[in-house]
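Beneath this line is the structure, given in structure tokens, with notes to follow.
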Amino acid sequence: MSDEPQPQQPAPGKRNRTGWRRIVPTWRMTLGAFLAGALLLTGGFFLGYHLVHIPSANALAIKQANVYLYTDGSVIARDGEVNRENVGLGRISQDAQHAILAAEDRDFYTESAVDPQAMLRAVWNTATGKGKQSGSTITQQYVKNYYLQQEQTVTRKVKEFFIAIKLDREQSKEKILEGYLNTSYFGRNAYGIQAAAQAYYGMDAQDLDAGRAAYLAALVNAPSQYDVIAHPENRPAAESRWNYVLDGMVEQGWLSETERTGLKFPPPKENTNSTGMSGQRGYIVQIMKDHLIRNKIVSEEELDAGGYRITTTLQKDKQNAFVDAVNDKLVDRLDQKQRKVDTYVRAGGAAVEPKTGKVRAMYNGIDYVKQYTPNATRRDYQVGSIFKPFVFTAAVENGSRTQDGHAITPNTVYDGTNKRPVQGWSGGLYDPANEDDRSYGDITVREATDKSVNAVYAQMAVDVGSDKVQQTAIGLGIPSTTPELTPSPSIALGVATASALDMAEAYATLANHGVHSDSTMIEKITKDGRETVPLPERKNRRAVSREAADTTTAVLRGVVRNGTATAALGAGRPAAGKTGTAEEDKAAWFAGYTPELATVVAVMGQNPDTAVQEKLYGAMGLPRINGGGVPAEIWAQFTREALEGEPVSDFDLELQPDAERTAPPTADTGSRRPTTTPGDDTPTTPGPDENAPRNPGPDDSTGEGRTEGGTNEGTGGDTTTGGTDGDTSTGGTTDGTTGGGTTGDTDSGGTGSSDGENPGTGGRGGLTGFIPRPRGE
């Protein structure tokens with residue numbers, strides 16, 4: 001046998017593969033590779049499924065705006081970095097739901113969370129230039145929007161795949177669809193279908209019909225391109241997509257052929273309700289946020305997180321009426337180029353419903369982005385003489401009497417002499433000036449209110465007790481923390497710096513017959529469209545007796561009919577009110593009410609550069625701004641328009657005994673009638689240091705047999721003897737001394753000011769440098 005290697009013989013039945021056959025895998029190799037691949041895929045799937053967890057929502061997905069609404073549900077503003085308002089599926093119309101499904105995933109309710117075939121098709125279409133497509137189901141898109149970021153990476157796609165599968169097992173289809181509708185971007189900075197419905201059509205998602213819903217669904221595919229207002233050149237493409245959505249709705253049985261045929265493309269609005277902070281919106285948002293935080297309804301951190309739907313008590317028609325009134329009576333009459341003082345003019349106001357305490361309208365400034373301070377709630381301007389009614393209310397409430405023991409009623413006579421020292425005050429000399437240093441002599445409370453006589457009301461505050469006046473004001477609604485709300489005679493002149501809203505709340509109590517309703521600016525609050533946030537319990541309480549409130553109302557009706565506020569008659573309704581001016585004419589006020597609405601208007605002076613309070617002399621080309629001028633005119637127009645269409649109702653008043661009787665007119669200047677010291681029947685003529693308030697006697701209806709006109713030194717002019725009205729024919733104060741008054745000489749302890757507007761630095765005992773003095777009206 002040869003030692004050389006012998007050729008190997010093939011096994012029986014086996015042939016050698018030669019040529020091209022050698023590179024083709026055998027069936028065993030193919031089967032092995034398939035099994036190995038399947039094992040790897042299965043292992044990879046289970047490994048990925050167990051390794052990838054559903055993460056927390058990304059920061060952008062959970063950010064929402066807080067939405068502020070009028071009572072009718074219309075939007076005031078949206079506050080937040082992201083314009084989104086999450087709503088439940090029940091607050092999204094069926095047409096809107098079906099339109100989104102027709103546009104993005106028609107088999108959503110029947111398919112699995114992922115669609116490999118669609119993903120492969122999308123890859124193919126993208127690779128062959130047919131357009132970039134995601135191939136993702138709605139579940140996958142929701143996962144991308146809510147849990148992941150928007151970057152196009154393999155890692156993100158893998159995570160999206162596994163999270164979608166897990167999510168589909170843990171959440172219902174309805175929950176996933178709701179999440180998708182709340183996280184999708186629709187353009188115009190609108191995240192979610194609720195924000196989109198407002199941004200494009202000014203309506204809620206629950207009100208979307210098929211046509212509008214189909215357009216919003218089309219936007220999801222290309223938000224910026226399909227906005228036909230921003231890009232009118234793309235309208236054909238947008239309408240093509242719109243038709244595609246509607247055809248899909250018909251195909252799925254969600255829309256009838258008949259309804260589909262009748263639909264026309266609904267172009268979106270160019271300008272819907274602004275979600276910005278311009279105009280009154282920013283002020284309202286700031287005030288509402290402060291109110292919620294201060295009253296511990298919602299914390300600042302919770303508001304920052306967003307998602308609150310806050311329905312205010314503001315009524316849109318009344319809010320608009322307030323803005324119109326200020327524009328017509330004030331803003332349009334300013335000439336800031338020709339008059340520097342016109343650049344100082346600011347306005348603020350608030351209207352409160354007496355029976356409910358609900359704030360119905362506010363005016364805060366011309367524009368929040370230009371003037372940031374809300375003028376309706378600021379507490380840094382003296383309220384002036386609109387505080388005086390609280391003094392009289394306190395007098396009636398407490399059954400107060402004058403220094404000589406007479407009950408204080410509308411017909412009680414006081415000495416209205418300019419700079420007359422207040423009697424019975426132990427804190428030092430206080431001798432407030434009347435407006436324009438005018439002396440009135442003997443004058444009834446009713447007429448002193450009509451003419452806003454400072455001398456009378458400073459004395460009345462002492463007669464009542466300034467501490468009781470303070471407590472009455474607080475009871476009516478003035479916050480106890482109000483600056484300068486201190487018990488002293490000056491409290492009567494309105495040195496306190498309450499806000500327009502504070503004063504409106506207090507006047508609303510008078511309008512409501514002395515019953516105070518806790519004021520509120522919030523009607524209701526919901527969170528994420530579901531959770532109702534509890535509001536503090538609101539209560540009514542009697543602040544003062546009906547007699548005290550109603551008698552004050554009766555007196556204030558005279559101010560509108562015969563006094564400094566006749567401009568308020570323009571409201572065309574029964575009204576009561578009071579004018580007021582702050583020290584040095586830095587602010588002018590009017591506070592008034594009808595049975596239906598209490599409103600306070602202020603015109604203030606503030607330097608736009610330094611924020612320092614400024615005098616308003618010469619503003620609007622007028623010598624001065626009085627409360628009975630522009631503020632009362634604004635009040636009249638606003639009240640007329642705000643209550644238009646509502647029945648006109650009169651005041652139903654229950655008055656203090658004898659308050660209905662009207663005393664005869666009194667002289668502007670002259671000697672005071674004799675007074676009687678309690679317990680002494682001997683009439684005496686008051687000296688320089690005596691107080692002279694008294695009730696009119698039975699003979700006060702005529703002046704027969706009496707000499708009026710003044711015999712005191714320093715009062716000039718002829719006198720009329722035996723007249724029937726007791727008036728002084730002529731005459732005025734020649735040297736600043738009338739009866740018991742004092743001169744403006746600082747040596748005598750009087751004021752150092754001759755106009756009654758500056759505090760002065762004269763000797764005041766315990767009041768030196770303490771009591772600023774707003775002038776009267």
Side-chain angles (χ1 to χ4, degrees), residues 64-80 83 85 87 194-195 198 202-204 272-300 302-304 306-324 326 348-365 367-368 374-378 477 499-502 504-505 508 517-529 531-538 596-600 638 642-643:
Q64 297 184 61
N66 294 315
V67 185
Y68 298 83
L69 309 167
Y70 290 111
T71 53
D72 64 0
S74 56
V75 175
I76 299 173
R78 298 174 186 274
D79 173 40
N83 181 21
E85 180 188 355
V87 292
Q194 170 66 12
Q198 286 287 344
M203 61 173 55
D204 289 331
T272 61
N273 292 330
S274 173
T275 59
M277 295 294 109
S278 61
Q280 297 296 305
R281 289 181 289 271
Y283 297 118
I284 293 172
V285 168
Q286 179 181 334
I287 290 171
M288 295 299 168
K289 289 174 70 174
D290 290 344
H291 177 78
L292 292 171
I293 294 169
R294 183 175 63 252
N295 291 281
K296 298 181 180 180
I297 300 171
V298 181
S299 69
E300 186 172 3
E302 290 170 329
L303 280 175
D304 288 342
Y308 290 93
R309 188 177 180 89
I310 301 161
T311 302
T312 72
T313 60
L314 300 178
Q315 294 178 328
K316 189 174 183 179
D317 58 340
K318 290 182 174 61
Q319 185 67 32
N320 291 338
F322 220 145
V323 174
D324 290 343
V326 175
V352 175
E353 194 172 73
K355 288 181 171 58
T356 65
K358 294 180 179 179
V359 180
R360 291 308 192 186
M362 290 186 290
Y363 184 89
N364 287 283
D367 194 329
Y368 182 73
N375 292 329
T377 57
R378 64 188 304 169
S499 70
L501 183 57
D502 296 334
E505 180 176 339
S517 296
D518 293 341
S519 66
T520 181
M521 293 182 282
I522 307 296
E523 198 76 65
K524 66 176 181 179
I525 306 176
T526 59
K527 179 72 165 66
D528 294 332
E531 177 186 351
T532 299
V533 179
L535 296 175
E537 183 182 359
R538 296 178 56 248
E596 302 85 7
L597 199 63
T599 306
V600 174
F638 163 71
L643 298 178

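One-based numbering along the sequence shown.
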Given Thr356 and Ser517, is the side chain to side chain contact (heavy atoms under 4.5 Å, CB included) satisfied, shown in steps?
CA-CA 6 Å; Thr356 65; Ser517 296; 5.8 Å; no
Check whether [X] reaches the backbone of [Y] with its side chain - one donor and one acceptor, N or O, closer than 3.5 Å.
X	Y	result
Gln64	Asn83	no
Asn66	Leu303	yes
Asp324	Ala321	no
Glu302	Ser299	yes
Arg538	Asp518	yes
Asn364	Tyr283	no
Asp72	Ser74	yes

Minimum heavy-atom separation for [X] to [Y], with atom names?
X	Y	value
Glu505	Ser519	OE1-OG, 2.9 Å
Leu314	Met288	CD1-CE, 4.0 Å
Ala376	Ser499	O-CB, 3.6 Å
Thr313	Arg360	O-NH1, 2.9 Å
Arg78	Val75	NH2-CG2, 4.0 Å
Val352	Ala504	CG2-CB, 3.9 Å

Interatomic spacing from [atom1] in [X] to [atom2] in [Y] - rounded to 0.5 Å:
X	Y	atom1	atom2	answer
Thr312	His291	OG1	NE2	10.5 Å
Leu292	Ile297	CG	CD1	5.0 Å
Thr599	Phe638	OG1	CZ	4.5 Å

Please identify each residue that fulfils side chain to side chain donor-acceptor pair (under 3.5 Å) with [X], with sequence neighbours left out.
X	answer
Lys358	Glu523
Gln319	none
Gln286	Tyr368

Output, in order, the C-alpha distance, side-chain angles, deciding distance and verdict of side chain to side chain contact (heavy atoms under 4.5 Å, CB included) for Ile310 and Val67.
CA-CA 6 Å; Ile310 301 161; Val67 185; over 6 Å; no
When you compare the side chain of [Y] with that of [X], does any pair of heavy atoms fall below 4.5 Å?
X	Y	value
Val298	Tyr308	yes
Ile522	Leu535	yes
Val533	Thr526	no

I would like to know whether Met362 and Phe322 meet side chain to side chain contact (heavy atoms under 4.5 Å, CB included); could you show each step before the answer?
CA-CA 7 Å; Met362 290 186 290; Phe322 220 145; 5.9 Å; no
Step by step, work out the side-chain hydrogen bond (donor to acceptor under 3.5 Å, both in side chains) result for Gln198 and Asp204.
CA-CA 6 Å; Gln198 286 287 344; Asp204 289 331; 2.8 Å; yes
How would you list, by chain and number, every residue that makes a side-chain contact (heavy atoms from CB on, under 4.5 Å) with Thr377, sequence neighbours excluded?
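With neighbours one apart ignored, the set is Ile287, Pro374, Leu501.
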With sequence neighbours excluded, what pairs up with Asn320 under the side-chain contact (heavy atoms from CB on, under 4.5 Å) test?
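Result, side-chain contact (heavy atoms from CB on, under 4.5 Å) vs Asn320: Lys316.
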Is a donor from one side chain sitting under 3.5 angstrom from an acceptor on the other, for Thr71 and Gln315?
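Checked: Thr71/Gln315 side chains show no N/O donor-acceptor pair below 3.5 Å.
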Using a strict threshold of under 4.0 Å (side-chain N to carboxylate O), is an ion pair present between Arg281 and Asp79?
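So Asp79 does not pair with Arg281 through a salt bridge.
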Does atom NZ (Lys524) have a neighbourhood of more than 12 heavy atoms from anything else shown, all under 6.0 Å?
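Atom NZ in Lys524 is not crowded, with 12 or fewer foreign heavy atoms closer than 6.0 Å.
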Derivation of the side chain to side chain contact (heavy atoms under 4.5 Å, CB included) call for Val359 and Thr520
CA-CA 6 Å; Val359 180; Thr520 181; over 6 Å; no
Quick one: list whatever passes ring pair (Phe, Tyr, Trp, His ring centres under 6.0 Å) with Tyr70, sequence neighbours left out.
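Residues passing ring pair (Phe, Tyr, Trp, His ring centres under 6.0 Å) with Tyr70: none at all.
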